[in-house]
Visitor: 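Dropping a structure here in structure tokens format, bear with me for questions.
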Amino acid sequence: MVKLGRLNIKKPYIVAPMSMYSDIGLRKLCCEYGAGYSFTEQIYTSEFVCKDEKLKRKLDLFEPVGLQLLSNSASEIKKTLEMVENKEFFDGLKNVKSVDLNLGCPTSAVMKNNLGSGLLNQPKLVRELFCAMKNNTDLPVSAKIRLAINAKHKKSKPYLRIANIAKEEGLDFITVHGRSAAQLYEGEVDMNAIKEIRDNVDIPLVANGNIVDEVSGEKMLSISDAIMVGQMAVQAPFIFKQLDYYFKHGTKMKVDTLAEVKFCIEKYFEYVDTYNIGFQHVKIHMQAFLKNLGLRKAIRDLTHSTSMEDVRGIVEGCLG
Ligand SMILES: Cc1cc2nc3c(=O)[nH]c(=O)nc-3n(C[C@H](O)[C@H](O)[C@H](O)COP(=O)(O)O)c2cc1C
């Protein structure tokens, strides 16, 4: 067990929240491979507040999970957390084990509304939002932050300021994606800045960014309490099995990539039937799994597929 404040997770590896990708199928598959915890994709508190029916489809909360919110409004956070506490609106809310606030989304439409990474230079508002998180639920609460908006902003170390506010307002832990918003999802991760938080702010820390194998996972875990994997978890959910093996035995496990990809596909289709997962999700996950095998034509064909039968046909056709 790993303790992140009041949240206990089975293993120190977490599946990142990712819009469109971190659906129940991927989350369950990663947990089957050894991930200790997972988050939903970001969900606007405004969607909760207006009880948007479409939200019910997005809330695939069939297993214990962290709910990630996108918000710039303390009153909306309060209302949302009341709904979560009361299991109101949607039965699956009983499976929410912690609530996270997104301070990392880098898209300009989001940022210009003081949402996501747009909050990183709004310390007063951030304090209000963290306070609303902490005071309106008994569940563990956390925030996922980036280091800064861009390289210039990073010089003033906003990550230390935000981490300190999280500590002062009693958040259970923070996750730090070691890039600026301007870097989006690629490029160098600043491990020194993550370590600076570790050394200066007394709050449980989950480190995230460019964990692609055992060595990058080990480096990140040496400066944090747990690590979070994003894009590599989408492509190769078996990275969690590799990490687990490496930390137990100190050597890398041999991976039969074809066998693992076949397992991922088979399991994901099983979850499609169990949880009625939508077509777009199935398509993008199959494309991601096939990347491991370099099957470019099949990946292209999937782009043009229009039905679940098409997808099954293409996948079965290329794997035999
Ligand atoms: C397609 C995509 C969607 C994402 N959606 C979210 C999201 O909803 N909430 C969030 O906090 N981060 C989101 N992220 C960021 C990831 O959680 C993670 O921080 C980032 O990908 C860095 O980790 P990685 O280098 O292991 O991919 C998203 C990333 C990608 C690639």
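Worth saying up front: this structure is predicted, and the values here are computed from it rather than measured. Quick note: residue numbers are just sequence positions, from 1. Just so you know, ligand 1 is whichever comes first in the structure, and atom 1 is the first atom listed for that ligand.
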Visitor: Which of the numbered atoms in ligand 1 are under 4.0 angstrom from any heavy atom belonging to Ala16?
Guide: 17 (O)
Visitor: Report yes or no: do Asp100 and Ser142 form a side-chain donor-acceptor pair below 3.5 Å?
Guide: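 Judged by distance alone, the side chains do pair up.
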Visitor: In the protein, what heavy atom is nearest to atom 29 (C) of ligand 1, and what distance, to one decimal place, separates them?
Guide: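 The protein heavy atom lying closest is Tyr185 CE2, 3.2 Å.
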Visitor: May I ask you to say whether Glu260 pairs ionically with Lys241, meaning some side-chain N is under 4.0 Å from a carboxylate O?
Guide: yes
Visitor: For atom 8 (O) of ligand 1, which candidate among Met20, Met220, Gln42 holds the nearest heavy atom?
Guide: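 Of the listed residues, Gln42 has the closest heavy atom.
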Visitor: Which residue holds the protein heavy atom closest to atom 18 (C) of ligand 1, what is that atom called, and what is the gap in Å?
Guide: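 So the nearest neighbour among protein heavy atoms is Asn208 OD1, 3.4 Å.
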Visitor: Can an N or O of Val229 be found at a distance shorter than 3.5 Å from an N or O of ligand 1?
Guide: no
Visitor: Answer with yes or no whether the side chains of Ser19 and Glu41 bring together a donor and an acceptor at under 3.5 Å.
Guide: no
Visitor: Please name the residue in the list Lys56, Lys54, Lys58, Arg57 that meets the salt bridge (Lys or Arg N to Asp or Glu O under 4.0 Å) test with Glu47.
Guide: Lys58
Visitor: For the atom pair OG (Ser180) and CD (Glu188), what is the distance rounded to the nearest 0.5 Å?
Guide: 11.0 Å
Visitor: Check whether any N or O atom of Lys144, backbone or side chain, sits under 3.5 Å from an N or O atom of ligand 1, and answer yes or no.
Guide: yes
Visitor: Is it the case that Arg312 places NZ or CZ above or below the six-membered ring of Phe269, under 6.0 angstrom from the centre and within 45 degrees of the axis?
Guide: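 Yes, Arg312 and Phe269 form such a contact.
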Visitor: Should the proximity of Gln231 to ligand 1, defined as any heavy atom under 4.0 Å, be assigned to the side chain, the backbone, both, or neither?
Guide: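 Both the backbone and the side chain of Gln231 come within reach of ligand 1.
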Visitor: Which atoms from ligand 1 have a heavy atom of Tyr21 less than 4.0 Å away?
Guide: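 With Tyr21 as reference, the close atoms of ligand 1 come out as 1 (C).
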Visitor: For ligand 1, indicate whether the residue Arg179 contacts it via side chain, backbone, both or neither (heavy-atom separation under 4.0 Å).
Guide: side chain
Visitor: Examine ligand 1 and decide if any of its atoms is less than 4.0 Å from a heavy atom belonging to Gly209.
Guide: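 Yes.
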Visitor: May I ask you to identify the nearest protein heavy atom to atom 13 (C) of ligand 1, giving residue, atom name and distance to one decimal place in Å?
Guide: Pro17 O, 2.9 Å
Visitor: Could you check atom 20 (C) of ligand 1 against the protein and tell me its nearest heavy-atom contact, residue, atom and distance included?
Guide: His177 CE1, 3.6 Å
Visitor: Just wondering, are more than 12 heavy atoms of other shown residues or ligands nearer than 6.0 Å to NZ in Lys97?
Guide: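 Above 12, so yes.
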Visitor: Got an N/O contact under 3.5 Å between Gly230 and ligand 1?
Guide: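 Indeed, backbone or side chain, Gly230 has an N or O that close.
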Visitor: Glu41 to ligand 1: N or O pair under 3.5 Å?
Guide: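 Glu41 vs ligand 1: no N/O contact under 3.5 Å.
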Visitor: Within a 6.0 Å radius of atom CG on Asp202, are there more than 12 heavy atoms belonging to other residues, nucleotides or ligands?
Guide: no
Visitor: Provide, to 0.1 Å, the distance between atom 3 (C) of ligand 1 and the closest protein heavy atom, together with that atom's residue and name.
Guide: Ser19 N, 3.3 Å
Visitor: Atom 9 (N) of ligand 1: which protein heavy atom is closest, and how many Å away?
Guide: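 Protein heavy atom with the smallest distance to atom 9 (N) of ligand 1: Gln68 OE1, 2.7 Å.
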Visitor: Tell me yes or no: between the side chains of Ser71 and Ser73, is some donor less than 3.5 Å from an acceptor?
Guide: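 Looking only at side-chain atoms, Ser73 and Ser71 do not form any donor-acceptor pair under 3.5 Å.
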Visitor: Within ligand 1, which atoms have a heavy atom of Asn210 less than 4.0 Å away?
Guide: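 Within the 4.0 Å cut-off of Asn210, ligand 1 contributes 24 (P), 25 (O), 26 (O).
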Visitor: Work out which heavy atom in Ala226 is nearest to a heavy atom in Ile14; give both atom names and the distance.
Guide: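 In this case the closest contact between Ala226 and Ile14 is CB-CD1, 4.3 Å.
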Visitor: Please check if the distance between the ring centroids of Tyr245 and Phe238 is under 6.0 Å.
Guide: no
